[in-house]
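Only a predicted model underlies this, so the values are computations on that prediction, with no experimental measurement involved. For the single chain, residues carry numbers from 1 onward in sequence order. Below, each value reflects all heavy atoms present in this structure, side chains not excepted, and no hydrogens, waters or symmetry copies.
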Amino acid sequence: MTEASPATEEPREVGVGPHPEPWPEDPRLDPELLENGDRRNVEDRFRYWRRDAIVAELDTRRHDLHVAIENLEHDANIGSVVRTANAFAVGAFHIVGRRRWNRRGAMVTDRYQHEIHHADADGLIAWARAEGRPLVAIDLVPGALPLERTRLPRNAVLVVGQEGPGVSPEILAAADLVVGITQFGSTRSINVAAAAAIAMHAWILQHADIPEGPLR
């Protein structure tokens, strides 16, 4: 499997092929991947690792942030939200409403995350109250504070609603904080997956330990 490099337009190999023998003695490694190669959507440091070993490693450094997505109408954006949640090592993602959702957009990153389901908004609200986690609704509604100037709780549950309707009235009423993303163009709103990514990144800028120097 290859993909084009934006800089050169030349094919770039994704992943690695079979591992040369003798194989490393490491219980985290998957013999099948060592034998056949690893083309998964994982960072290079996780090449050849078993999935449960990757999850266990991520569990040692996940952030105290959760993200909840309302799934009342089979929203196709959920997969993209989950993929971003994985990139930011979010502690868990919540699906509110329909349990089934289109996982294609997640690019299998949901396999490395913790998923919590709630049948309805009341279920999420009760869970957050029991866990002592503030609900932060992301929506452009009257009274919403600008995300860019608002301090987000460290143990927040960021809640995004459906594309179009937005966050449900039940969650807006129960939210400890309602924030919106400041916009400067002509459109009324931005895509819910993009909004969730911006909100998660805002939390990262406030609370995460960002390394010095280049990313690669």
Under 3.5 Å: donor-acceptor pair, side chain of [X], backbone of [Y]:
X: Glu70; Y: Ser168; value: yes
X: Arg39; Y: Val14; value: yes
X: Arg103; Y: Thr109; value: no
X: Asn155; Y: Asp64; value: no
X: Asp38; Y: Gly15; value: no
X: Glu73; Y: Gln162; value: no
X: Glu115; Y: Ile95; value: no
X: Arg47; Y: Arg40; value: yes
X: Glu148; Y: Thr182; value: yes
X: Asp139; Y: Val167; value: yes

Point-to-point distance, once rounded to the nearest 0.5 Å, from [atom1] of [X] to [atom2] of [Y]:
X: Tyr48; Y: Asn36; atom1: OH; atom2: CG; result: 10.5 Å
X: Thr150; Y: Leu177; atom1: OG1; atom2: CG; result: 6.0 Å
X: Leu29; Y: Phe46; atom1: CG; atom2: CZ; result: 12.5 Å
X: Ile54; Y: Asp59; atom1: CD1; atom2: CG; result: 12.0 Å
X: Leu135; Y: Ile171; atom1: CG; atom2: CD1; result: 7.0 Å
X: Asp110; Y: Ile78; atom1: CG; atom2: CD1; result: 11.5 Å

Answer yes when Arg133 and Asp176 have at least one side-chain N-carboxylate O distance shorter than 4.0 Å, and no when they do not.
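No.
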Within the supplied structure, the quantity of interest is the number of heavy atoms (other residues, nucleotides, ligands) at a distance under 6.0 Å from [X] [atom1]; does it exceed 12?
X: Arg151; atom1: CZ; value: yes
X: Arg61; atom1: CZ; value: yes
X: Asp209; atom1: CG; value: no

Geometric class of the His207/Trp203 ring pair [parallel <30°, tilted 30-60°, perpendicular >60°]
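Trp203 and His207: tilted rings.
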Measure the acute angle between the ring planes of Phe88 and His201, then classify it against the limits of 30° and 60° as parallel, tilted or perpendicular.
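Rings of Phe88 and His201: tilted, as their planes differ by 30° to 60°.
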Ignoring hydrogens, what is the shortest heavy-atom contact between His94 and His66? Give both atom names and the distance.
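His94 and His66 have their closest heavy atoms at NE2-ND1, 2.9 Å.
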Trp127 vs Ile116, side chain to side chain contact (heavy atoms under 4.5 Å, CB included): CA-CA, chis, key distance, verdict
CA-CA 10 Å; Trp127 182 92; Ile116 302 172; 4.1 Å; yes
